[in-house]
Amino acid sequence: MQAQDATTLFFLKLWPWVEAKKNWLIAGTAIAVIASFFIWFVACQRESKEITAGQALTQVVLSSGAPAAEAYLKIATQHPGTAAGQRALLQGAAALFDAGKFADAQAQFQKFLDAHPGSEFSSQALLGVAASLDAQGKTDLAVSAYQRVISSASDAAVVSAAKFGLARIEELQGRLNDALVLYQDVASANPRTSLGSEATMRLMELKSKLSAPAPASTPPAPLK
């Protein structure tokens, strides 16, 4: 009984305050309803855009034959800000690389990095830039790009690919011991993949080169 009386007393004291603030409360409630509706509407629009972009990307992937880079890049242009649009931009850049258009591929990978610096696919785009520079023969820039991937990427597969690319450059430039360490890292981290198998083969060849005895020098001909 005392609890009921206390509740009644509380509402009797609250009611005059409600009456005095009625207009303010109505306005506040209306604002809250409008804000909630706006948030819901934006979320629905975002979800709809994601679904549409995903469907467009799926259609291109499932089309007969290998999709051209232009088809992927068109989706990226038409559906910016979506996850499918990001994937399409990366796949378009990769398609350009596969077609031997390395400068164009580099530009698209860099475009992705500029537009989506915090994306989960950033490490893949960084690797794409490095590989594109490497393919163009821009060795010094490629080395720096590969090292950036190795030091910053969280994707183990991407790091291994960057190490393999860097090892190949080290090997070509005669730094066999440095290449050996990198190949060893890749082989150890990827024992059951094609990349790991390739690294193991390169590792065995390098060890053979490094352990081979130096050719005997030809003694000078005796003076007559």
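The first residue in the sequence is number 1, and the count goes up from there. On a predicted model such as this, the values are computed, not experimentally measured, just so you know.
Scanning both residues, Ala105 and Phe97, for their nearest heavy atoms gives CB-N, 3.6 Å. Between Ala199 and Val186, the closest heavy-atom pair is CB-CG1, 3.7 Å. Taking all atoms of both residues into account, the shortest heavy-atom contact from Val158 to Ala153 is CG1-CB, 4.3 Å. The shortest heavy-atom contact between Ala130 and Ala142 is O-CB, 3.9 Å. Nearest heavy-atom pair, Phe121 versus Phe112, reported as atom, atom and distance to 0.1 Å: CB-CZ, 3.6 Å. Smallest separation of non-hydrogen atoms from Gly165 and Asp134: O-OD2, 4.2 Å.
Between the Ser122 side chain and the Pro117 main chain, a donor and an acceptor come within less than 3.5 Å of each other. Ser119 places no side-chain N or O within 3.5 Å of a backbone atom of His116 that could act as its donor or acceptor partner. The main-chain N or O of Ser194 is never found under 3.5 Å from a side-chain atom of Glu198 such that the two would form a donor-acceptor pair.
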Next on the checklist: I'd like to know whether Phe164 forms a side-chain contact (heavy atoms from CB on, under 4.5 Å) with Leu195, so could you lay out the CA-CA distance, the side-chain angles of the two residues, the decisive distance to 0.1 Å, and finally the verdict.
Outcome noted: CA-CA 8 Å; Phe164 187 90; Leu195 182 65; 3.7 Å; yes
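For Glu170, the side chain to side chain donor-acceptor pair (under 3.5 Å) partners are Arg175, not counting sequence neighbours.
A distance of 8.0 Å separates CG in Leu126 from CD in Gln110, rounded to the nearest 0.5 Å. The CG atom of Leu203 lies 12.0 Å from the OG atom of Ser197; values are rounded to the nearest 0.5 Å. Rounding to the nearest 0.5 Å gives a distance of 10.0 Å between NZ of Lys74 and OG1 of Thr77. Interatomic distance, CE of Met204 versus NZ of Lys209, reported as 13.5 Å (0.5 Å rounding). Here the straight-line distance linking atom CG of Leu73 with atom CD of Gln91 works out to 10.5 Å at 0.5 Å rounding. Interatomic distance, Tyr183 OH to Met201 CE, rounded to the nearest 0.5 Å: 11.0 Å.
Within a 6.0 Å sphere centred on CG of Asp114, other residues, nucleotides and ligands contribute more than 12 heavy atoms.
Cluster annotation: Val129 is connected to Leu90 through the hydrophobic network of ILVMFWY side chains, with a link wherever side-chain heavy atoms come within less than 4.5 Å. Cluster membership for Ile169 and Val149, using ILVMFWY side-chain heavy atoms within less than 4.5 angstrom, is shared. Both Ile150 and Leu127 are assigned to one and the same hydrophobic cluster, defined by single-linkage of ILVMFWY side chains at heavy-atom distances under 4.5 Å. Side-chain heavy atoms closer than 4.5 Å link hydrophobic residues (I, L, V, M, F, W, Y) into clusters, and following such links, even through other members, never connects Phe102 to Leu141. The hydrophobic clustering, which links ILVMFWY residues whose side-chain heavy atoms are closer than 4.5 Å, places Leu210 and Val181 apart.
Inspection of the Ser188 and Gln184 side chains reveals an N or O donor paired with an N or O acceptor under 3.5 Å. A donor-acceptor pair shorter than 3.5 Å cannot be found between the side chains of Asp104 and Gln108. Between the side chains of Ser123 and Asp155, no donor-acceptor pair is found at a separation under 3.5 Å.
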